[in-house]
Amino acid sequence: DMSTSMLLRVGLPLQLTDELEQCNSDNEAAHSCWHVANEYGFQPVFDAGVERLVLIVDEGSGNNLKPETLWNASTPKFVTDHYSPNVGIEEMINCVKRARK
């Protein structure tokens, strides 16, 4: 069962991920991974996006807080690290990490 956000999130074309999987950690790999993505019309976008989902469960506690009140009191969480099981995508992520240092 997928969440709405996963259903609305478009994935990369399978042919692209297959090509990226062929990249390795050679010195030129990061460049070639970016080149492969570019050949499919994808450009790097560096974003610090965040998603907040709130699940409200009524357990009969008599708590009458409005959903908007709970939402406004919530704190978004940012991921601290990114990863991918795809070798090429992981190399692209590592390339960005190295550039940040």
Side-chain angles (χ1 to χ4, degrees):
D1 194 25
M2 285 200 276
S3 70
T4 302
S5 67
M6 288 187 72
L7 289 172
L8 297 176
R9 190 172 295 142
V10 178
L12 296 173
L14 185 58
Q15 188 174 355
L16 171 57
T17 57
D18 287 346
E19 284 191 47
L20 289 172
E21 187 64 46
Q22 302 307 312
C23 293
N24 56 41
S25 60
D26 293 340
N27 290 338
E28 298 297 317
H31 175 70
S32 66
C33 293
W34 294 108
H35 179 74
V36 168
N38 190 359
E39 290 293 313
Y40 282 84
F42 289 91
Q43 300 295 318
V45 174
F46 303 99
D47 180 22
V50 65
E51 179 179 36
R52 277 195 293 175
L53 303 175
V54 176
L55 173 64
I56 300 172
V57 179
D58 182 4
E59 296 179 343
S61 64
N63 189 343
N64 294 326
L65 289 176
K66 293 182 179 181
E68 293 84 7
T69 303
L70 294 171
W71 175 265
N72 291 332
S74 70
T75 304
K77 304 287 189 246
F78 296 89
V79 296
T80 58
D81 201 15
H82 300 283
Y83 64 91
S84 175
N86 183 292
V87 174
I89 295 172
E90 183 68 17
E91 183 56 36
M92 292 165 77
I93 291 169
N94 289 334
C95 178
V96 172
K97 287 178 185 176
R98 288 188 298 270
R100 287 189 334 201
K101 291 182 179 181

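Since this is a predicted model, take the numbers as computed values, not measurements.
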> Does L14 reach the side chain of T17, with side-chain heavy atoms less than 4.5 Å apart?
Replying inline: yes
> Any idea which heavy atoms bring Q43 and N38 closest together, and the distance?
Replying inline: NE2-OD1, 2.8 Å
>> How close do C23 and S32 get, counting heavy atoms only, and between which atoms?
In response: SG-OG, 4.0 Å
>> Within the structure provided, determine whether L20 and M92 are in side-chain contact (heavy-atom separation under 4.5 Å).
In response: yes
> Are any of the side-chain heavy atoms of I89 and L12 separated by less than 4.5 Å?
Replying inline: yes
>> Using every non-hydrogen atom in the two residues, find where E91 and R98 come nearest and quote the distance to one decimal.
In response: OE2-NH2, 2.9 Å
> Judged by atom type as modelled, is there a donor-acceptor pair below 3.5 Å linking the side chain of N94 to the main-chain atoms of E90?
Replying inline: yes
